[in-house]
Trainee: 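Take this structure, written in structure tokens, and hold onto it; I'll ask about it next.
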Amino acid sequence: MKNKSALVTGITGQDGAYLAKLLLDKGYAVHGLHARRSTDTLWRLRELGIANEVNLIEGDLTDLSSTIRSMEQSRADEVYNLGAQSFVGTSWGQPVLTANVTGVGALNVLEAVRIVNPKARFYQASTSEMFGLIQEAMQSETTPFYPRSPYGVAKLYAHWMTVNYRESFGLHASSGILFNHESPLRGIEFVTRKVTDAVSRIKQGQQKELRLGNIDAKRDWGFAGDYVEAMWLMLQQEVADDYVVATGQTTTVRDMCRIAFAHVGLNHEDHVVIDPKFYRPAEVEVLLGNPAKAKAKLGWTASTDLQTLITMMVDADMRRVSKE
Ligand code: NAP
Ligand code: GDD
């Protein structure tokens, strides 16, 4: 039997790298839509030792001919749309770009699937940011959405287009409504990695303080390595559907800092400085997911708690900083 082929957009991102590794380990031929940049974006694939094992197809999510060509070249059986302008903070400064990449980009991938191979299975990287100003204390697949950023609004458009293509054209199109997930491969602008990098620099005498915004915000944080497994499981189901993927625990940014600093024997209160520059025009104060459906239907549960996750990230940054 021929090996399955997968196309991953956003393959150079945190989740793209972990997902590519998971698919390679399962015997897939892995293709990635790769946007041209003037700087090197392959460091995550290199860290996982798979940069030479994936086939990169040059293209951009905002360009329909790119997504069609990547579907044709990859002959993909499964398509994972992970590409996005994914940083919430940036989305107020670049709302139109965010709409084009994160919103219409998903439509370009759906169109490519519909035109080239409507039998291919499609995964959309939806997000807990769609819940925004939360309408229920614990958010599930039936909780009403209320996005609070141009990013959240763009993702909601992509989410409903996924549902619409499933209902209009019968595509096997699923959305994973994933809550925050982190790892040593997380981008440095996101709060967990910003903290673990700073902790390592402060411990090694390169930095004195860490400037943060709203540290009372609460997030349901899991490990990205666990979450890509849920993406794959969704596409193995007979019927396409939408799933919340979360740990079911929520923690403040402040307590996440406490864990990170304490791991190297420091007190966060001695180093964290509040800087209004990092406050957002509209904040998502708290997110807490209910992963009951993913557990019941996919047999998936998060296996990494926040303490383990943050200490893993601090350890990785301590090694990186000491090598610089
Ligand atoms: P990430 O690290 O920011 O990766 C984003 C990826 O999208 C990168 O590979 C980036 O390529 C690519 N990309 C950006 N603009 C593009 C364009 N115009 N054309 C083609 N590719 C483009 O994000 P992540 O944390 O892995 O998240 C993966 C997906 O899940 C994203 O859609 C994100 O919004 C969503 N999500 C993430 C979380 C989370 O907590 N991590 C939670 C829920 C949903 P470059 O490297 O070249 O910039
Ligand atoms: N980035 C950042 N930097 N966030 C800060 C800071 C800071 O200095 N100080 C406080 N925060 C707060 C933010 O205001 C937010 O409430 C929380 O920390 C988490 O911020 P991020 O780590 O930037 O993540 P996010 O929750 O906004 O978005 C991430 O998760 C979404 C899923 O809920 C991203 O990965 C999105 O792409 C994803 O959809």
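All residue numbers refer to positions in the sequence shown, counting from 1.
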Trainee: Has the side chain of Q206 got a donor or acceptor atom that lies under 3.5 Å from a matching backbone atom of I202?
Mentor: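 Between the backbone of I202 and the side chain of Q206 there is no qualifying donor-acceptor contact (under 3.5 Å).
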
Trainee: Answer yes or no: is there a donor N or O on one side and an acceptor on the other, between the side chain of Q139 and the main chain of L288, under 3.5 Å?
Mentor: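 Flag set: sc Q139 to bb L288 pair under 3.5 Å.
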
Trainee: Within the 3.5 Å criterion, strictly below it, is a donor on D305 or T308 matched to an acceptor on the partner's side chain?
Mentor: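 T308 and D305 do have a side-chain donor-acceptor pair below 3.5 Å.
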
Trainee: Walk me through whether F87 and F190 qualify under ring-ring contact (aromatic ring centres under 6.0 Å, His included).
Mentor: CA-CA 7 Å; F87 187 49; F190 299 95; 5.3 Å; yes

Trainee: Assign the ring pair F223 / Y18 to parallel, tilted or perpendicular, where the plane angle (0 to 90°) is split at 30° and 60°.
Mentor: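 Answer is perpendicular, since the angle exceeds 60°.
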
Trainee: Identify the residue among T304, D220, N180, T301 that makes a side-chain hydrogen bond (donor to acceptor under 3.5 Å, both in side chains) with T247.
Mentor: D220

Trainee: Is the backbone N or O of L287 less than 3.5 Å from a side-chain atom of T250, with the two atoms forming a donor-acceptor pair by type?
Mentor: yes

Trainee: Checking the side chain of S200 only, and the main-chain atoms of M318 only, is there a donor and an acceptor separated by less than 3.5 Å?
Mentor: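 Confirmed, S200 side chain pairs with M318 backbone.
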
Trainee: For residues 262-284, which residue pairs qualify under ring pair (Phe, Tyr, Trp, His ring centres under 6.0 Å), counting only residues two or more places apart or in two chains?
Mentor: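 Residue pairs passing ring pair (Phe, Tyr, Trp, His ring centres under 6.0 Å), neighbours aside: F261-H271.
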
Trainee: T162 and Q124: side-chain donor and acceptor closer than 3.5 Å?
Mentor: no

Trainee: Are a donor atom and an acceptor atom from the side chains of S5 and D77 found within less than 3.5 Å of each other?
Mentor: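 On atom types as modelled, these side chains do not qualify, holding no pair under 3.5 Å.
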
Trainee: Between the side chain of Q207 and the main-chain N/O of E209, is any donor-acceptor distance below 3.5 Å?
Mentor: yes

Trainee: Judged by modelled atom types alone, do E78 and Y80 share a side-chain donor-acceptor pair under 3.5 Å?
Mentor: yes

Trainee: Side-chain contact test, heavy atoms from C-beta onward, threshold under 4.5 Å: evaluate it for L171 versus P118 and give yes or no.
Mentor: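 L171 vs P118: side chains touch.
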
Trainee: Is any side-chain N of the basic residue among D197 and R320 closer than 4.0 Å to the acidic one's carboxylate O?
Mentor: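 The answer is no: the pair does not qualify as a salt bridge.
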
Trainee: Between N164 and S168, is any side-chain donor less than 3.5 angstrom from a side-chain acceptor?
Mentor: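 Per modelled atom types, N164 and S168 side chains form a pair under 3.5 Å.
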
Trainee: Any side-chain heavy atom of V153 within less than 4.5 Å of one from R148?
Mentor: no

Trainee: Tell me whether E229 is salt-bridged to K21, with the criterion being a basic N under 4.0 Å from an acidic carboxylate O.
Mentor: no

Trainee: Under 6.0 Å from the ring centre and within 45 degrees of the ring axis: does the NZ or CZ of K295 meet both conditions for the six-membered ring of W300?
Mentor: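 No, K295 does not lie over the aromatic ring of W300.
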
Trainee: Quick one: do the D216 and T252 side chains pair a donor with an acceptor below 3.5 Å?
Mentor: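 No, no side-chain donor-acceptor pair sits under 3.5 Å.
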
Trainee: At what distance, to the nearest 0.5 angstrom, does CE of M234 lie from CG of D241?
Mentor: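 Reported to 0.5 Å precision, the distance equals 9.5 Å.
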
Trainee: Does the side chain of S74 come within less than 4.5 Å of I57's, by heavy atoms?
Mentor: yes

Trainee: May I ask you to test the T143-N290 pair for a side-chain heavy-atom distance under 4.5 Å?
Mentor: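 No, every pair of side-chain atoms sits at 4.5 Å or beyond.
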
Trainee: Going only through I, L, V, M, F, W and Y residues with side-chain contacts under 4.5 Å, is there a path from L19 to M71?
Mentor: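 Result: no, two separate clusters.
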
Trainee: In Å and rounded to the nearest 0.5 Å, what is the NE2 to CG distance from H31 to L23?
Mentor: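 Taking NE2 in H31 and CG in L23, the distance rounds to 11.0 Å.
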
Trainee: For residues 93-100, run the donor-acceptor check on the side chains, cut-off 3.5 Å, and write out each pair with its distance to 0.1 Å, sequence neighbours left out.
Mentor:
unit_1	atom_1	unit_2	atom_2	d
T98	OG1	Q85	NE2	3.2
T98	OG1	Q94	O	2.7
N100	ND2	V96	O	3.4

